[in-house]
Trainee: 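Take a look at this one; I'll ask things after.
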Amino acid sequence: MADPHRRCGLPGGHDVGLFGLADGVAVITGSVLAAGVLFPAGQVSARLILVAVAVGVCAAVLPDGRMTLVVAGLGFVLFTGFLTNSYGGFRWDGVNTVWHLFVFAMATAIGLAQRWIRAAQGDLEFDIAMRNRLGEADGGENGWSSLR
């Protein structure tokens with residue numbers, strides 16, 4: 001069972017908990033609706049960029065990779081069904097569908113990479129703080145103080 005108190009690594013360590021997936025679904029659904037309202041049917045690229053950016057942001061913020069994959073998949077299905085095709089029909093369109101899938105995969109990968117970098121920076125800051133405290137506790141005699 002997933003830990004409902006896991007932190008997602010946002011600045012300040014915001015607690016997403018069990019509402020992370022619901023928030024991601026709401027953001028993706030809202031971005032699909034916004035893309036449909038803001039851009040006419042002929043501007044598929046603009047619609048794709050808007051929804052892909054929302055998928056990337058969700059990938060960077062959601063605390064779990066499984067949630068990220070669900071939200072990215074939902075974004076692709078909603079984009080393909082409602083913004084590319086009509087009335088929610090999911091139709092394989094050849095090269096265009098592969099291109100759209102590639103854009104969603106890259107947006108997800110960039111978001112996950114950004115989340116990984118942010119987590120690695122947090123771990124590094126923690127390590128430096130611990131080394132500094134250990135160096136102060138022993139008077140700097142065992143080499144820890146040289147790592148500051």
Trainee: Would you say I110 ends up clustered with V51 if hydrophobic residues are merged whenever their side chains have heavy atoms under 4.5 Å apart, either directly or through other cluster members?
Mentor: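 No, because V51 and I110 fall into different hydrophobic clusters, even though each may have its own neighbours under 4.5 Å.
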Trainee: Heavy atoms, side chains only, cut-off 4.5 Å: are L78 and L83 in contact?
Mentor: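 No; the side chains remain at least 4.5 Å from each other.
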Trainee: Looking at every non-hydrogen atom in both residues, tell me the closest pair between I28 and V55 and how far apart they are.
Mentor: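 Result for this residue pair: CD1-CG2, 3.5 Å.
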Trainee: Other than W116, what residues sit in its cluster of Ile, Leu, Val, Met, Phe, Trp and Tyr side chains whose heavy atoms are under 4.5 Å apart, directly or through others?
Mentor: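 Under the 4.5 Å side-chain rule, W116 groups with I117.
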Trainee: Same cluster or not: V44 versus F102, using hydrophobic residues (I, L, V, M, F, W, Y) connected whenever any side-chain heavy atoms lie under 4.5 Å apart?
Mentor: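 Yes; F102 is reachable from V44 via cluster members.
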Trainee: Output all residues satisfying side-chain hydrogen bond (donor to acceptor under 3.5 Å, both in side chains) with Q114, sequence neighbours left out; order by chain, then residue number.
Mentor: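 Per chain and number, Q114 pairs via side-chain hydrogen bond (donor to acceptor under 3.5 Å, both in side chains) with R118.
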Trainee: For S45, check side chain to side chain contact (heavy atoms under 4.5 Å, CB included) against everything at least two apart and list the hits.
Mentor: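 Residues passing side chain to side chain contact (heavy atoms under 4.5 Å, CB included) with S45: none at all.
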Trainee: Working to the nearest 0.5 Å, report the span between CG of L62 and CZ of R115.
Mentor: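 L62 CG to R115 CZ: 7.0 Å, rounded to 0.5 Å.
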Trainee: Starting at CG of L74, measure out to CG of L21 and round the result to the nearest 0.5 Å.
Mentor: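 The CG atom of L74 sits 9.0 Å away from the CG atom of L21.
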Trainee: Between V37 and V32, is there a shared hydrophobic cluster once you connect ILVMFWY residues whose side-chain heavy atoms come closer than 4.5 Å?
Mentor: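 They do not share one cluster, since no chain of ILVMFWY contacts under 4.5 Å joins V37 to V32.
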Trainee: Could you report the tightest heavy-atom contact between C58 and V71, atom names first, then the distance?
Mentor: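 Where C58 meets V71 most closely, the heavy atoms are CB-CG1, 3.9 Å.
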Trainee: Roughly how far apart are L112 CG and L69 CG, rounded to 0.5 Å?
Mentor: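 Output value for this atom pair is 7.5 Å.
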Trainee: Identify, with sequence neighbours excluded, every residue that meets side chain to side chain contact (heavy atoms under 4.5 Å, CB included) alongside L48.
Mentor: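 For L48 the side chain to side chain contact (heavy atoms under 4.5 Å, CB included) partners, ignoring immediate neighbours, are F79, W99, H100, V103, F104.
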Trainee: With a cutoff of under 4.5 Å between side-chain heavy atoms, which Ile, Leu, Val, Met, Phe, Trp and Tyr residues group with L38?
Mentor: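 In the cluster with L38 are F39, L50.
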Trainee: Who clusters with V27? Use side-chain heavy atoms, under 4.5 angstrom, across I, L, V, M, F, W and Y, and order the result by chain and number.
Mentor: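 Its cluster partners, ordered by chain and number, are none at all.
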Trainee: Please give me the minimum heavy-atom distance between T108 and A59, naming the atom from each residue.
Mentor: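 That closest heavy-atom pairing would be O-CB, 3.7 Å.
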